[in-house]
Amino acid sequence: QVQLVESGGGLVQAGGSLRLSCAASARTLSMGWFRQAPGKEREFVATISRISGSTNYADSVKGRFTISIDNAKNTVYLQMNSLKPEDTALYYCAARGRVGLVVVDTGYDYWGQGTQVTVSS
């Protein structure tokens, strides 16, 4: 069982930045970020391959968010710039024990508890 612990959420004004962190208790082959706004389904944000470093992003965050990984620390980051009120959501870290840049939540084996991001207008 892999434990994932997110941190870094908070309240920020539109146009501001936040960096989310997710520490994993063990190595996994791919990690990702999803988010869920009130009354909406959970949606894909970004994913990264631990082996190749390849990434994939949702269209809504391309050019504003950057996912990265520190293999030595088993930690994945999500740098969020130019934040918008519509980015407000509970952000979840996810990990999978197989290769592949998966954009659906059913493709992930482990989940964190989530960290809240609120962007005020």
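- No side-chain heavy atom of Tyr57 sits under 4.5 Å from any side-chain heavy atom of Val45.
- Here the straight-line distance linking atom OG1 of Thr118 with atom CG of Asp87 works out to 11.0 Å at 0.5 Å rounding.
- At a threshold of 4.0 Å, the pair Asp59-Lys62 counts as salt-bridged, since one of the basic side-chain nitrogens sits closer than that to a carboxylate oxygen.
- Taking CZ from Arg98 and CG from Asp109, the interatomic distance works out to 4.5 Å, rounded to the nearest 0.5 Å.
- Trp33 places a side-chain heavy atom less than 4.5 Å from the side chain of Val76.
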Review point. Does the side-chain hydrogen bond (donor to acceptor under 3.5 Å, both in side chains) test come out yes or no for Thr75 and Asp70, once each step is laid out?
Key: CA-CA 5 Å; Thr75 299; Asp70 184 332; over 6 Å; no
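- For an aromatic pair to be called close, the ring centres must be under 6.0 Å apart, and Phe34 with Tyr108 satisfies this.
- Taking both residues in full, the closest heavy atoms of Arg50 and Ala26 are given as NH2-O, 4.5 Å, listed atom of the first, atom of the second, then distance.
- Checked by atom type and distance alone, the side chain of Arg19 never pairs as donor or acceptor with a backbone atom of Gln79 at under 3.5 Å.
- A donor-acceptor contact closer than 3.5 angstrom is absent between the side chains of Asn56 and Thr47.
- Shown here for Thr28 and Ala95, the closest heavy-atom pair between the two residues is OG1-CB, 3.5 Å.
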Practice item. Under the side-chain contact (heavy atoms from CB on, under 4.5 Å) rule, what do Thr115 and Leu90 come out as? Steps first, then yes or no, please. Key: CA-CA 6 Å; Thr115 184; Leu90 187 61; 5.5 Å; no
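- When hydrophobic clusters are built by joining Ile, Leu, Val, Met, Phe, Trp and Tyr residues whose side-chain heavy atoms come closer than 4.5 Å, directly or via intermediates, Tyr77 is not grouped with Ile48.
- In the hydrophobic cluster analysis, where Ile, Leu, Val, Met, Phe, Trp and Tyr join through side-chain heavy atoms closer than 4.5 angstrom, Met80 is grouped together with Val119.
- At least one side-chain heavy atom of Leu83 sits less than 4.5 Å from a side-chain heavy atom of Leu18.
- Using a 4.5 Å heavy-atom cutoff, the side chains of Phe44 and Asp105 are not in contact.
- Ile69 CD1 to Thr55 OG1: the interatomic distance, rounded to the nearest 0.5 Å, is 11.5 Å.
- The nearest pair of heavy atoms linking Ala14 to Ser121 is CB-CA, 4.4 Å.
- Considering only heavy atoms from C-beta on, Arg27 comes within 4.5 Å of Asn74 through its side chain.
- Hydrophobic clustering, with ILVMFWY side chains joined whenever heavy atoms are under 4.5 angstrom apart, groups Trp111 together with Val103.
- Here the straight-line distance linking atom SG of Cys93 with atom CD of Gln113 works out to 11.5 Å at 0.5 Å rounding.
- Between Ala46 and Leu78, the closest heavy-atom pair is CB-CD1, 4.2 Å.
- Distance OG/Ser54 to CG/Leu101: 6.0 Å, rounded to 0.5 Å.
- Tyr92 carries Arg42 over the face of its six-membered ring, with the cationic atom under 6.0 Å from the centre and within 45° of the normal.
- Panel note: side chain Arg96, backbone Ser30; no donor-acceptor pair is recorded below 3.5 Å.
- With a 4.5 Å cut-off on side-chain heavy atoms, Gln116 and Thr88 count as touching.
- Judged by distance alone, the side chain of Glu6 and the main-chain N or O of Gly114 form a donor-acceptor pair under 3.5 Å.
- To the nearest 0.5 angstrom, Leu20 atom CG is 7.5 Å from Tyr91 atom OH.
- Met31 is listed as a side-chain neighbour of Leu4, based on a closest heavy-atom distance under 4.5 Å.
- Considering only heavy atoms from C-beta on, Ser60 comes within 4.5 Å of Arg35 through its side chain.
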